[in-house]
Amino acid sequence: MTRLSVNINKIALIRNARGGNVPDIIKAAGACERYGAQGITVHPRPDERHIRYHDVQVLKPAIKTELNVEGFPSKKFLNLVKKIKPHQVTLVPDPPDALTSNAGWDTVKNASLLRDTVQQLKSCGIRTSIFIGTDLKMIEHARHTGTQRVELYTEPYSRNFHLNRKKAIAPFIRAANLANQLGLGINAGHDLNLENLNFFVKNIPFLHEVSIGHALVSDALYYGLERTIGMYLKELSGG
Ligand code: PXP
């Protein structure tokens with residue numbers, strides 16, 4: 001079954017609005033795990049506007065499932081992940097001032113950066129994933145980096161889902177099939193929600209993991225965290 005990794009960046013954003021420690025991200029991550037999430041994702045950005053670098057250090061020993069740390073492989077980011085050794089690092093090509101990740105890697109132009117980074121992380125025992133779009137050439141070249149997984153950037157799927165869901169999913173099925181043939185594990189994330197998640201998972205049955213933040217944390221305001229996580233797990237297991 002596809003695993004749910006909850007991205008807790010938005011919880012840190014609320015905490016940072018007041019400067020104290022409410023809500024406590026360690027407590028929130030623990031609650032997500034207790035309610036059934038199989039992983040926790042964080043994405044520290046250079047301006048530390050939500051998750052801070054220090055948070056990642058405190059989170060690692062507290063996480064009982066899997067910690068997935070996302071980010072651009074800057075020197076500071078690599079030093080952090082090599083020190084704390086999360087279960088998985090997802091490499092994302094976002095510039096420092098980006099509001100959110102808005103594109104996958106160009107695995108041709110960045111071949112040597114990715115190859116070198118993946119090598120460094122793997123030698124520390126960290127599983128790697130590369131954030132990527134559905135261009136088949138990019139998927140093929142992702143394999144040359146040595147990464148174990150790719151994370152499909154699902155924002156275009158989510159945007160087009162209401163117009164024509166079959167058309168929206170088609171490039172993702174092609175990309176996932178190729179990645180699967182190449183022996184790459186497949187994760188997915190960005191703008192997945194209670195409406196579009198089940199159709200995605202049904203069409204890509206060999207999906208390892210989805211990481212979901214914005215919609216899930218928003219839904220928790222209406223339904224509560226425990227019920228919300230249960231609702232996402234239900235979508236993942238067949239709806
Ligand atoms: N995957 C990556 C690489 C991301 O940058 C994000 C957003 O931080 C997500 C997944 C989760 O996206 P969302 O918050 O829209 O669920």
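Both ligands and their constituent atoms are indexed starting at 1 by order of listing.
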Inset, instruction - Check whether any N or O atom of E70, backbone or side chain, sits under 3.5 Å from an N or O atom of ligand 1, and answer yes or no. - result: yes

Inset, instruction - State the atoms of ligand 1, each with its element, that fall below the 4.0 Å cut-off from a heavy-atom position in H43. - result: 5 (O), 8 (O)

Legend entry - Donor-acceptor pair between R52 and N16 side chains, under 3.5 angstrom: yes

Legend entry - Within reach of ligand 1, part of H190 (heavy-atom separation under 4.0 Å): both

Legend entry - Verdict with reasoning, D135 to K137, per salt bridge (charged side-chain N to carboxylate O under 4.0 Å, His left out): CA-CA 6 Å; D135 183 331; K137 188 173 166 197; over 6 Å; no

Legend entry - Distance-only donor-acceptor check, side chains N68 and Q88, under 3.5 Å: yes

Inset, instruction - Would you please determine whether L192 falls within less than 4.0 Å of ligand 1 on a heavy-atom basis? - result: no

Inset, instruction - Tell me whether V6 is reachable from I14 by hopping between hydrophobic residues (I, L, V, M, F, W, Y) whose side-chain heavy atoms are closer than 4.5 Å. - result: no

Inset, instruction - Answer with yes or no whether A215 contacts ligand 1, where contact means a heavy atom under 4.0 Å from a ligand atom. - result: no

Inset, instruction - Verify whether one side chain among N177 and Q181 offers a donor that lies under 3.5 Å from an acceptor in the other. - result: no

Inset, instruction - Output yes when D47 and R49 qualify as a salt bridge under the 4.0 Å nitrogen-oxygen rule, no when they do not. - result: yes

Inset, instruction - Under 4.0 Å from a heavy atom of V92: give me the atoms of ligand 1 that qualify, with their elements. - result: 3 (C)

Inset, instruction - Heavy-atom contacts with E151 under 4.0 Å: which atoms of ligand 1 show up? List them by number with element. - result: 1 (N), 2 (C), 3 (C), 10 (C)

Inset, instruction - Check whether more than 12 heavy atoms from other residues, nucleotides or ligands sit under 6.0 Å from atom NE2 of H87, and answer yes or no. - result: yes

Inset, instruction - Ignoring angles and geometry beyond distance, decide whether D191 reaches within less than 3.5 Å of ligand 1 through its nitrogen or oxygen atoms. - result: yes

Legend entry - Sub-3.5 Å N/O-N/O distance, G213 and ligand 1: yes

